[in-house]
Every structure is written in structure tokens, then in C-alpha cells.
Visitor: 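The structure's right below; bear with me while I get my questions together.
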Amino acid sequence: MNSASVGFQCPEEIADARRTVRTPRRTTGMRVAGRRWGTVTLVLIAINVAVAVATAVSALLAGGNPVRSFASPLTGELLTAPVLVDQGEWWRVVTSAFTHASLVHLALNMLALLLFGSELERMLGKGRYLTVYLVSALGGAASLQLFGSYVGGVVGASGAIYGLLGAFGVVLVRQKQDLRGLLTLLAINLVISLLPGVSLLGHLGGLVAGAATAAVLLWARRRTALAAAGVAALVAVLLLLTFGGIR
């Protein structure tokens with residue numbers, strides 16, 4: 001027996017107690033940030049920033065000024081344009097959604113993604129949220145492919161972010177909450193989309209695709225197979241519009 005402040009303690013019992021005590025898990029900064037802002041949101045931001053750094057370095061090596069513009073040989077390989085997609089360069093539909101034209105373009109999109117994406121990730125869950133984001137990006141590409149300038153190049157995550165806004169509106173309708181604030185924000189951003197150099201078509205395509213995807217996921221929330229089938233059908237239509245040569 002070991003002497004204690006009050007009485008004695010059995011060594012075997014102390015050893016058993018130590019074995020059953022759970023060691024507290026260490027909390028890292030990334031884990032805290034993931035809980036606060038959403039893991040998927042932070043990963044999406046990290047991918048966008050990594051591509052931005054790569055295009056900025058490419059611009060610098062080509063003699064450009066990456067502080068003002070990311071225009072570079074690498075950006076030319078990542079942007080999307082209907083003529084290039086029709087020639088079989090399908091990957092541009094994906095890469096263009098993670099590429100930006102400038103530091104300001106990147107900052108504005110990532111701020112919107114952080115604010116709205118983190119909230120939508122909390123509401124929908126990681127899987128549904130990522131589905132909305134990716135289908136929205138595809139919706140923006142389909143709109144550009146159908147109605148955009150045939151030789152015009154486009155980059156940016158704006159189509160996917162507008163899709164998040166559309167999905168956010170669907171969630172608010174389902175929860176019977178006030179939509180006036182969101183509608184005002186959308187109206188302001190759509191007016192901004194009319195400015196030269198801004199892709200209104202990509203924004204509208206992403207907005208519609210995001211709202212439609214969220215509606216399917218929420219309508220079939222407890223029926224996983226039905227939700228998967230609905231999203232798959234929506235993706236199939238968007239793929240047909242994007243790659244089917246319909247114009």
C-alpha cells in the first residue's frame with residue numbers, strides 16, 4: 001500500500017485507474033478552423049489559392065505583374081472557352097472554376113466562399129454542400145458553352161459561388177425565413193455582373209444549377225437513393241449541354 005494524504009492507496013487499483021483514464025486529444029489550429037469555417041470550405045479555398053499562386057508565378061516568369069493580373073501561359077491552359085471545349089479539352093470546365101484573373105478577383109470570391117460556404121456547409125452537411133458547389137460550377141460552364149462567346153476565355157469560381165447563393169435561398173424557403181436580405185444581395189451582384197469583363201452567363205448558370213441541386217437534395221433528404229438519382233439526372237443534363245455540341 002502507498003501512503004496518501006488521507007489513508008492508503010492500493011498500487012494495483014491506481015494502475016487500473018490510470019489505464020482507464022482517456023488521454024485528452026490535442027486540438028490543433030486546423031481542427032479549430034475546420035469546426036469554425038467548415039472543412040470543405042477551407043479545402044476549396046486552399047485549392048483556389050494554390051492555383052492562384054501557380055498562375056501568379058507563371059505571370060511573373062513571363063514578365064507580367066502578378067499583383068495586377070494573373071494572365072499568364074498557365075492561365076491560358078486552365079481557362080475555359082466553348083471553342084476549346086468543343087475541340088476535346090474537357091478539363092477546362094473544371095480547371096477554370098478554380099482559376100482567377102487577378103488578386104482582387106480571387107479575394108472577393110474567397111471572401112464570399114468563406115462567408116456563405118461555411119454557413120451552407122453547416123446547414124447541408126459536407127457531402128451535400130460539396131455536391132452543390134461542384135454542380136453549380138458545371139452549371140456555369142454549361143451556360144457559357146451554350147450562350148457565351150465561342151472564342152472568349154473565362155475563369156473564376158463565381159459560378160459555383162452564385163450556386164451557393166441559390167442553394168442558400170432554397171434552404172431559407174424550406175425553413176420559411178425572410179428572403180429579402182438575400183434577394184437584395186443577389187440583385188446587387190447581378191447588376192455588378194453586367195460590368196465589362198464579368199461573366200453574367202456563368203453567374204446565372206451557377207445560380208440556377210445550385211438552386212436546383214439544393215432543391216433535389218432537400219426534397220429527398222431522407223431518401224438517399226432518390227436524392228442521388230435526382231442529382232445524377234441533373235448532372236447528366238448539364239454534361240450533355242456542355243459537351244454535346246448543342247449550340
Side-chain angles (χ1 to χ4, degrees), residues 37 41 44-45 48-49 51-52 55 67-71 75 78-82 92-93 96-121 123-124 129 132-215 234 238 241-242 247:
W37 299 109
T41 297
L44 290 172
I45 291 175
N48 279 277
V49 170
V51 174
T55 53
V67 175
R68 291 188 304 178
S69 173
F70 293 159
T75 302
L78 300 178
L79 59 78
T80 187
R92 293 178 179 274
V93 170
S96 63
F98 294 92
T99 310
H100 289 82
S102 66
L103 188 60
V104 173
H105 189 201
L106 173 72
L108 291 175
N109 275 347
M110 293 306 98
L111 178 60
L113 178 56
L114 185 66
L115 295 177
F116 292 100
S118 58
E119 184 66 17
L120 197 60
E121 183 175 349
M123 290 178 169
L124 295 179
Y129 165 66
V132 169
Y133 188 92
L134 296 178
V135 176
S136 299
L138 181 57
S143 179
L144 290 169
Q145 198 69 20
L146 283 174
F147 308 111
S149 171
Y150 194 62
V151 296
V154 177
V155 294
S158 303
I161 292 171
Y162 268 76
L164 298 184
L165 293 177
F168 203 86
V170 172
V171 172
L172 293 182
V173 169
R174 183 179 177 84
Q175 296 179 349
K176 299 180 180 180
Q177 297 189 36
D178 192 352
L179 284 173
R180 286 175 295 181
L182 179 62
L183 291 177
T184 301
L185 178 64
L186 274 174
I188 293 172
N189 279 275
L190 288 175
V191 170
I192 294 174
S193 299
L194 297 174
L195 295 175
V198 181
S199 176
L200 175 63
L201 290 172
H203 293 175
L204 291 176
L207 178 68
V208 173
T213 305
L234 180 59
L238 292 176
L241 294 176
T242 304
R247 189 176 175 84

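Because only heavy atoms are used, hydrogens play no part in the values below, and waters and symmetry mates are left out as well, while side chains stay in.
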Visitor: Is the shortest side-chain heavy-atom distance between N48 and T99 below 4.5 Å?
Guide: no
Visitor: Where is the tightest heavy-atom contact between A52 and L106, given as atom of each residue plus distance?
Guide: CB-CD2, 3.6 Å
Visitor: Which heavy atom of G210 sits nearest to which heavy atom of S136, and what is that distance?
Guide: CA-OG, 3.1 Å
Visitor: Quick one, V198 with H203, criterion side-chain contact (heavy atoms from CB on, under 4.5 Å). Give me CA distance, side-chain angles, the key distance, then yes/no.
Guide: CA-CA 9 Å; V198 181; H203 293 175; 3.4 Å; yes
Visitor: Can you measure from CG (L179) to CG (L172) and round to the nearest 0.5 angstrom?
Guide: 5.5 Å
Visitor: Using the rule given for side-chain contact (heavy atoms from CB on, under 4.5 Å), can you reason through R92 versus L78, listing the C-alpha separation, both sets of side-chain angles and the distance that settles it, and then say yes or no?
Guide: CA-CA 6 Å; R92 293 178 179 274; L78 300 178; 6.0 Å; no
Visitor: State, with a plain yes or no, whether a side-chain heavy atom of L204 is found less than 4.5 Å away from one of L190.
Guide: yes
Visitor: Between Y129 and L164, is any pair of side-chain heavy atoms under 4.5 Å apart?
Guide: yes
Visitor: Quick one, L44 with L113, criterion side-chain contact (heavy atoms from CB on, under 4.5 Å). Give me CA distance, side-chain angles, the key distance, then yes/no.
Guide: CA-CA 9 Å; L44 290 172; L113 178 56; 4.0 Å; yes
Visitor: Step by step, would you call H100 with N109 a side chain to side chain donor-acceptor pair (under 3.5 Å)?
Guide: CA-CA 9 Å; H100 289 82; N109 275 347; 3.1 Å; yes
Visitor: Is a side-chain donor or acceptor of S143 paired with a backbone partner of G140 at a separation under 3.5 angstrom?
Guide: no
Visitor: side-chain contact (heavy atoms from CB on, under 4.5 Å), that's the test. Do F116 and L120 meet it? Break it down for me.
Guide: CA-CA 6 Å; F116 292 100; L120 197 60; over 6 Å; no
Visitor: Tell me whether Y162 contacts the main-chain N or O of N189 through its side chain, where contact means a donor paired with an acceptor under 3.5 Å.
Guide: yes
Visitor: Can you find a pair of side-chain heavy atoms, one from L238 and one from V135, that are under 4.5 Å apart?
Guide: yes
Visitor: If you round to the nearest 0.5 Å, how far is CD1 of I192 from CG of L200?
Guide: 12.0 Å
Visitor: What are the two closest non-hydrogen atoms of A101 and V155, and how far apart are they?
Guide: N-CG2, 3.8 Å
Visitor: When rounded to the nearest 0.5 angstrom, what is the spacing between OG in S193 and CG in L207?
Guide: 9.5 Å
Visitor: Indicate the atoms forming the closest heavy-atom contact of L144 with S199, along with that distance.
Guide: CD2-OG, 3.3 Å
Visitor: Quick one: pull up OG1 in T213 and OH in Y133 and give me the separation to the nearest 0.5 Å.
Guide: 14.0 Å
Visitor: Find the distance between NE2 (H105) and CG (L108) and round it off to the nearest 0.5 Å.
Guide: 8.0 Å
Visitor: Less than 4.5 Å apart, side chain to side chain, heavy atoms only: is that true for I45 and W37?
Guide: no
Visitor: Do the non-hydrogen side-chain atoms of V154 and L79 ever get within less than 4.5 Å of each other?
Guide: no
Visitor: Check the pair Q145, T242 against side chain to side chain donor-acceptor pair (under 3.5 Å), reporting the backbone distance first and the verdict last.
Guide: CA-CA 6 Å; Q145 198 69 20; T242 304; over 6 Å; no
Visitor: Check for a donor-acceptor pair, side chain of T75 on one end and backbone N or O of F70 on the other, with a separation under 3.5 Å.
Guide: yes
Visitor: Grab the two heavy atoms, one from V170 and one from A211, that are nearest each other, plus how far apart they are.
Guide: CG2-O, 3.5 Å
Visitor: Restricting to non-hydrogen atoms, name the atom on V132 and the atom on A167 that form the minimum distance, rounded to 0.1 Å.
Guide: CG1-CB, 3.7 Å
Visitor: Are the side chains of V104 and R68 in touch, meaning some heavy atoms are under 4.5 Å apart?
Guide: no
